[in-house]
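Working notes for the structure below.
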Amino acid sequence: TGNLRVDGIALAASWASGGNLVNTRDSLMTAAQAPQTAAFVFGGHNASGTLTFSESYNGSAWTATNALPVSKQLGGGAGTQGAALCFGGQTAPPAVTRATTESWNGSNWTAVSAPGGTLGTGRFNGGSAGVQGAALMFGGEAPGATANSEEWNGSSWVEGNNLSRGTTGANNLCGAGIQTSALAMGGTAPSFVYNTTEEYDGTSWTGGGGMNTARRRAAAAASTVDSGICFGGLASPGSGQTAVAELYNGTAWTNTASMGTARYYLGGSGATQGDAFAMGGLLTGSAASFTNATEEFTATGTQIKNISTS
């Protein structure tokens with residue numbers, strides 16, 4: 001008889017309430033690679049319009065920090081609590097698409113001077129990944145869907161290869177990972193929501209396994225393309241906001257524990273798949289249903305990576 005080998009099995013997972021944000025908001029940006037115990041959020045939107053507020057987390061409570069030099073929502077975020085990057089986004093009202101970049105040193109924000117700090121394609125509602133010195137932005141609205149991706153090298157933005165999907169479903173997607181190993185998930189086109197996954201290897205985008213729940217305006221966390229999690233968002237048209245979370249092993253998605261509260265336009269971060277953090281967002285179809293609630297994901301064990309016989 002042959003031998004069966006199973007590499008990694010997800011044993012248990014759960015979401016638990018974290019400390020509430022100081023400022024209620026949706027459409028916020030995050031330091032994508034920050035762990036739960038040292039999360040960092042900035043910008044976003046609430047009833048007063050787009051925001052400059054930044055906040056840091058110590059594992060139990062949030063503290064207001066120095067603000068962004070410009071108000072933004074729906075932009076890209078990268079890095080950690082001590083070294084973050086904010087780029088792109090939108091200011092409203094009136095609606096203005098941003099191409100600027102702002103750098104955080106743990107105490108203050110600095111606007112990165114043009115032309116290096118200016119994205120080749122200003123955009124919002126796209127995906128992002130990476131750390132302060134090596135970030136990535138892809139997809140989004142410019143306005144109008146764009147498949148463009150750009151890499152940040154620590155001093156300027158450089159054009160990268162486009163998403164393999166083209167512009168179809170390239171806006172309202174989410175991203176996670178690092179510049180050389182990133183995921184683009186979900187997305188939308190008029191009257192259609194996608195379950196599409198794409199993997200980036202630092203050079204090119206290729207199609208990955210489809211999510212079990214098609215969604216847009218979701219959040220995600222990942223260390224690399226073979227260890228991701230996507231959570232929340234708006235599901236297929238008519239289904240509304242979802243609490244569903246899924247784990248990715250580089251090949252296929254597996255449903256895991258759902259969040260306690262369904263939400264979309266939320267912020268997400270996490271240095272690893274089992275360290276995901278959900279923050280803020282909208283709770284209903286009302287554009288005024290802002291929340292300051294957060295949830296922390298905990299996974300015990302690892303998920304299935306590979307099954308083989310010999």
Side-chain angles (χ1 to χ4, degrees), residues 7-8 10 13 15 29-41 76-81 84-85 126-139 149 151-152 160 163-164 173-187 194-213 215-233 244-257 259 266-279 295-299 301-306:
D7 295 330
W15 291 88
M29 290 81 72
T30 71
Q33 287 293 305
Q36 285 175 1
T37 54
F40 186 53
V41 303
T80 63
Q81 188 182 90
L85 201 69
S128 57
V131 295
Q132 187 186 64
L136 180 67
M137 191 166 198
F138 43 91
S149 68
E151 296 182 354
W152 172 254
L163 293 165
S164 62
L173 47 69
C174 63
I178 57 176
Q179 189 185 78
T180 56
S181 187
L183 291 169
M185 296 151 279
Y194 292 85
N195 70 343
T196 307
T197 302
E198 293 192 46
E199 303 175 4
Y200 189 64
D201 62 4
T203 302
S204 300
W205 292 94
T206 56
M211 290 191 291
N212 297 305
T213 298
R215 64 185 84 199
R216 56 181 174 151
R217 301 172 183 171
S223 52
T224 58
V225 295
D226 59 359
S227 183
I229 179 172
C230 185
F231 43 96
V244 171
E246 302 182 43
L247 302 174
Y248 191 60
N249 64 7
T251 303
W253 290 91
T254 303
N255 285 348
T256 186
M259 292 190 297
L266 68 162
S269 64
T272 65
Q273 184 187 67
D275 192 43
F277 202 10
M279 296 154 279
E295 296 187 48
E296 302 174 357
F297 179 73
T298 301
T302 56
Q303 63 171 312
I304 294 174
K305 171 64 178 173
N306 183 59

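Note that the coordinates shown come from a computational prediction; the quantities given were computed from them, not determined experimentally.
- Note: Thr30 OG1 to Phe277 CZ = 10.5 Å, rounded to the nearest 0.5 Å.
- For the atom pair SG of Cys174 and CZ of Arg215, the computed distance is 8.0 Å after rounding to the nearest 0.5 Å.
- Although no hydrogens or angles enter the test, the distance criterion places no donor-acceptor pair under 3.5 Å between the side chain of Asp275 and the main chain of Gly270.
- Without hydrogens or angle criteria, Tyr248 side chain to Gly209 main chain gives a donor-acceptor distance under 3.5 Å.
- Looking only at distances, a side-chain donor or acceptor of Ser128 sits under 3.5 Å from a matching main-chain atom of Gly77.
- Between the side chain of Asn212 and the main chain of Trp253, a donor-acceptor pair closer than 3.5 Å is present.
- The side-chain contact (heavy atoms from CB on, under 4.5 Å) test with Glu246 is passed by exactly one of Thr197, Thr213, Asn195: Thr213.
- A donor-acceptor distance shorter than 3.5 angstrom exists from the side chain of Gln132 to the backbone of Ala84, with no hydrogens or angles considered.
- The closest donor-acceptor contact from the side chain of Thr80 to the backbone of Gln33 lies at 3.5 Å or more, if one exists at all.
- When atom types are taken as modelled, the side chain of Glu199 and the backbone of Leu183 share no donor-acceptor pair closer than 3.5 angstrom.
- Although no hydrogens or angles enter the test, the distance criterion places a donor-acceptor pair under 3.5 Å between the side chain of Gln36 and the main chain of Phe297.
- Side-chain atoms of Gln273 come within 3.5 Å of backbone N or O of Gly228 as a donor-acceptor pair.
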